[in-house]
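Model, not experiment: these values are computed from the prediction. In what follows, every heavy atom counts, from backbone to side chain, and hydrogens, waters and symmetry copies are set aside.
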2 protein chains.
Amino acid sequence: MYKLLKSIGKVRRGEFTTPHGVIQTPVFMNVGTLAAIKGAVSTMDLKEIKCQVELSNTYHLSLRPGDKVIEQLGGLHKFMNWDRPILTDSGGFQVFSLSNIRKIKEEGVYFNSHIDGRKIFMGPEESMQIQSNLASTIAMAFDECIPNPSPRSYVEASVERTTRWLERCKDEMNRLNSLENTINKKQMLFGINQGGIYEDIRIEHAKTISKFDLDGYAIGGLAVGETHEEMYRIIDAVVPHLPQHKPIYLMGVGLPSNILEAVSRGVDFFDCVLPARNGRHGHVFTKHGKINLFNAKYELDESPIDERCQCPTCRNYSRAYIRHLFKAKEMLALRLCVLHNLYFYNSLMEEIRDSIDGDYFEELKKEKLGMWDGRA
Amino acid sequence: MYKLLKSIGKVRRGEFTTPHGVIQTPVFMNVGTLAAIKGAVSTMDLKEIKCQVELSNTYHLSLRPGDKVIEQLGGLHKFMNWDRPILTDSGGFQVFSLSNIRKIKEEGVYFNSHIDGRKIFMGPEESMQIQSNLASTIAMAFDECIPNPSPRSYVEASVERTTRWLERCKDEMNRLNSLENTINKKQMLFGINQGGIYEDIRIEHAKTISKFDLDGYAIGGLAVGETHEEMYRIIDAVVPHLPQHKPIYLMGVGLPSNILEAVSRGVDFFDCVLPARNGRHGHVFTKHGKINLFNAKYELDESPIDERCQCPTCRNYSRAYIRHLFKAKEMLALRLCVLHNLYFYNSLMEEIRDSIDGDYFEELKKEKLGMWDGRA
């Protein structure tokens with residue numbers, strides 16, 4: 001259940017209550033595709049770095065270790081020892097981004113595994129069944145994620161099918177939640193808005209899915225080829241047509257500036273692999289911008305990545321030490337930088353929430369905007 | 001300073017006081033070759049897994065990041081944020097094991113870097129200077145580590161040179177410790193006994209180096225080709241001829257059974273890459289023997305690696321989860337298993353110390369011997 005605590009124009013400060021605890025929004029979810037955060041970060045670490053929601057992947061987990069295995073082990077929460085909310089994405093995005101050969105039919109998608117090439121079928125029912133087996137807190141509807149730009153006629157047909165799929169997702173989720181052996185009988189379902197960069201299709205679709213009375217609504221199919229300006233234009237168009245008493249989730253976004261812009265347009269939930277991926281390459285966020293720890297100028301730098309940061313990395317290790325770890329190809333380098341970058345994102349969201357509470361979000365946005373957009 | 005707290009026959013329970021704190025012996029040192037424990041384990045973790053002494057490598061650190069860099073950064077302790085004892089090995093073993101082309105002369109060894117092939121010279125003075133720059137708690141003498149078996153005539157000549165090198169090491173260490181800018185002016189020096197598998201050469205050399213009045217004595221050149229029985233025979237021969245009021249360190253050993261046998265022969269210090277390396281391959285130690293987490297039978301195993309283990313891994317994660325992480329090639333698998341295996345070794349040493357304190361070392365040895373010798 002979403003409770004709006006405060007709003008300033010379109011900016012929302014909320015609380016989303018789930019069977020696994022309350023989420024303070026706006027929130028950034030930390031991505032652990034295969035039930036683990038890349039860079040040797042564990043769920044114990046997530047608690048230390050202010051993570052509220054962990055995000056795992058339906059498609060990846062259905063292949064390894066298999067959703068049936070996780071079900072037998074009591075669900076994802078028990079499997080990865082994480083008692084707070086977990087969101088699973090539906091597999092839709094991965095089916096379309098990882099598989100070259102695929103056939104989209106009314107019933108679902110036929111495609112080849114990115115691991116061993118074997119044929120797989122996934123439709124709305126399969127995605128719901130897998131997510132029910134995983135027993136995540138929030139399941140995502142199975143949709144088609146269309147690259148931008150795509151021809152209008154294709155987008156129209158695709159969005160209509162995504163709507164029909166949503167209906168099947170909702171029915172299947174209701175059925176699964178009512179079964180006796182289902183682990184999480186209160187699994188929530190978020191619908192996903194699509195429509196490429198066509199505002200009218202997006203708006204029409206937003207209105208249609210709003211009628212499904214789902215637990216939350218996502219804006220999908222952005223950050224897949226269009227410019228930032230197009231993305232903001234679509235968010236501007238869509239948000240007013242989604243239910244205002246439900247959380248709004250912008251999928252797979254993004255840079256801090258994207259998040260600030262989206263929050264200012266009414267978005268509550270975010271996720272992105274960017275902070276962890278940047279960290280694994282030695283690109284770390286500081287209060288003054290991104291820095292690249294491979295740079296020779298950090299060889300003798302005794303200061304932490306960020307002087308004011310309270311993350312486990314900055315409380316204990318210097319830039320010089322972490323740079324050495326990267327040069328020496330020590331895995332610890334990746335861990336320390338992923339921890340820092342995720343803490344940075346989680347703290348940025350905290351700052352955003354505080355700024356809404358304290359009525360200075362616009363000032364914060366102005367101050368931070370563009371600070372981390374360039375190359376490290 | 002070594003204080004013998006208790007002895008039962010040859011078995012010793014001691015306390016070794018260093019400028020960086022007291023070490024309870026027998027002790028197993030945790031290897032962090034490049035100032036980091038492989039498997040994304042940090043010095044923060046070492047405190048959690050009962051590590052008393054961290055071991056780093058002179059040769060490796062002299063190449064990356066360079067001992068001068070570490071000196072400028074205030075020494076190894078500050079560099080890696082570890083305030084407890086650090087032992088650095090002298091580089092001798094690495095010069096002989098990592099470089100194919102080398103020339104041993106009276107002044108030292110000419111060899112090629114294992115990273116870029118460039119020519120390097122290292123002699124006793126260079127090794128001491130590097131270790132002084134690193135500012136470790138305990139420096140090791142620069143010696144020649146001879147593979148077993150080697151011809152008697154070669155071993156005799158080599159050991160004599162190692163003795164002459166020891167004299168130069170001691171002089172150079174004294175000089176360095178007296179310099180104003182030296183970071184650790186109380187750096188300790190351990191000598192190394194050599195002599196291959198020739199008892200008489202070993203004993204003669206032990207007697208000779210005992211006269212140098214060093215801070216401790218190591219038995220080197222074992223676990224390099226000879227059988228376990230030959231190793232025990234050499235330890236039996238050498239230990240009585242080393243000073244009994246100084247700690248005795250068996251270098252690079254080994255399996256739990258090797259450690260139990262060596263403790264029963266009077267050894268105080270150990271180090272080995274085995275627990276961390278095993279961990280990175282999914283081979284983990286339990287109270288009942290080694291297990292291989294890749295084994296299919298752990299797919300649905302909800303129990304921790306070891307039910308009775310209190311390490312961070314066993315307190316939080318199941319065999320099934322860690323097995324999945326290995327199969328999914330998630331780095332976190334390596335971290336969790338290295339943490340467990342090092343904790344296992346550090347706890348085994350604690351059990352050994354307790355058993356000496358409580359007069360039941362022989363019973364413990366009998367119970368544990370051979371338990372972890374086979375394949376996982």
Side-chain angles (χ1 to χ4, degrees), chain A residues 32-45 47-48 57 60-61 63-66 68-74 76 78-82 115 280 298-302 304 312-313 315-336 338-339, chain B residues 32-45 47-48 57 60-61 63-66 68-74 76 78-82 115 280 298-302 304 312-313 315-336 338-339:
Chain A
T33 305
L34 275 154
I37 288 81
K38 297 202 187 302
V41 170
S42 75
T43 48
M44 295 300 103
D45 301 312
K47 296 201 172 172
E48 266 191 71
N57 191 278
H60 286 281
L61 289 173
L63 297 182
R64 289 182 303 193
K68 285 284 181 192
V69 167
I70 292 179
E71 185 194 23
Q72 282 181 72
L73 291 164
L76 259 184
K78 202 172 163 203
F79 187 56
M80 59 192 297
N81 192 26
W82 176 251
I115 297 176
R280 296 199 302 278
Y298 303 120
E299 189 181 31
L300 294 170
D301 192 337
E302 295 184 67
T313 303
R315 279 188 283 112
N316 290 296
Y317 303 105
S318 67
R319 293 170 172 182
Y321 181 60
I322 304 169
R323 178 177 190 275
H324 157 66
L325 297 176
F326 271 113
K327 302 290 278 186
K329 298 188 171 56
E330 285 287 341
M331 233 182 244
L332 180 57
L334 283 61
R335 172 173 159 82
L336 295 180
V338 171
L339 284 174
Chain B
T33 304
L34 275 153
I37 288 81
K38 299 206 183 300
V41 170
S42 75
T43 47
M44 294 301 103
D45 301 312
K47 296 200 172 174
E48 266 192 72
N57 191 277
H60 286 281
L61 289 173
L63 297 182
R64 289 182 303 195
K68 285 284 180 192
V69 166
I70 292 178
E71 185 195 22
Q72 282 182 71
L73 291 163
L76 259 183
K78 202 174 162 202
F79 186 57
M80 60 193 295
N81 191 25
W82 175 251
I115 297 175
R280 296 199 303 277
Y298 302 120
E299 188 180 31
L300 295 169
D301 192 337
E302 296 184 66
T313 303
R315 279 187 283 113
N316 291 296
Y317 303 105
S318 66
R319 293 170 174 182
Y321 180 60
I322 304 170
R323 179 178 189 275
H324 157 65
L325 297 177
F326 271 113
K327 302 289 278 184
K329 297 187 172 55
E330 286 287 343
M331 233 181 247
L332 180 57
L334 283 59
R335 172 173 158 82
L336 295 180
V338 171
L339 284 174

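For the pair B:Leu300/A:Val69, a side-chain contact is recorded, criterion being any heavy-atom separation below 4.5 Å from C-beta on. Looking only at side-chain heavy atoms (C-beta outward), B:Arg335 and A:Met331 stay at 4.5 Å or farther from each other. Between B:His324 and A:Leu61, some side-chain heavy-atom pair lies under the 4.5 Å cut-off. When side chains are defined from C-beta on, B:Ser42 counts as touching A:Tyr317, because their heavy atoms get closer than 4.5 Å.
In this structure, A:Lys329 places its NZ atom where only 12 or fewer heavy-atom neighbours from other residues, nucleotides or ligands lie under 6.0 Å away. The neighbour count for A:Lys68 NZ, taken as heavy atoms of other residues, nucleotides or ligands under 6.0 Å away, does not exceed 12.
Interface check for chain B: of the options A:His60, A:Lys327, A:Met44, the most heavy-atom pairs under 4.5 Å are formed by A:Met44. The candidate with the highest count of non-hydrogen atom pairs below 4.5 Å against chain B, out of A:Ser318, A:Pro312, A:Ala320, is A:Ala320. With chain A as partner, the option from B:Lys78, B:Arg323, B:Glu330, B:Lys38 having the largest number of non-hydrogen pairs under 4.5 angstrom is B:Glu330. Contact tally against chain A (heavy-atom pairs below 4.5 Å) for B:Thr43, B:Ile70, B:Leu336: the top residue is B:Thr43.
Only the side chain of B:Leu334 comes within contact range of chain A, judged by heavy atoms closer than 4.5 Å. When heavy atoms are compared at a cutoff of 4.5 Å, B:Thr33 does not approach chain A at all.
Of all heavy-atom pairs spanning A:Glu302 and B:Gln72, the tightest one is OE2-O, 4.3 Å. Contact between A:Leu73 and B:Glu299 at its shortest, heavy atoms only, is CD1-O, 3.9 Å. The heavy-atom pair separating B:Leu325 from A:Ala35 by the smallest distance is CD2-O, 4.3 Å.
Rounding to the nearest 0.5 Å gives a distance of 12.0 Å between CG of B:Asn316 and CE of A:Met80.
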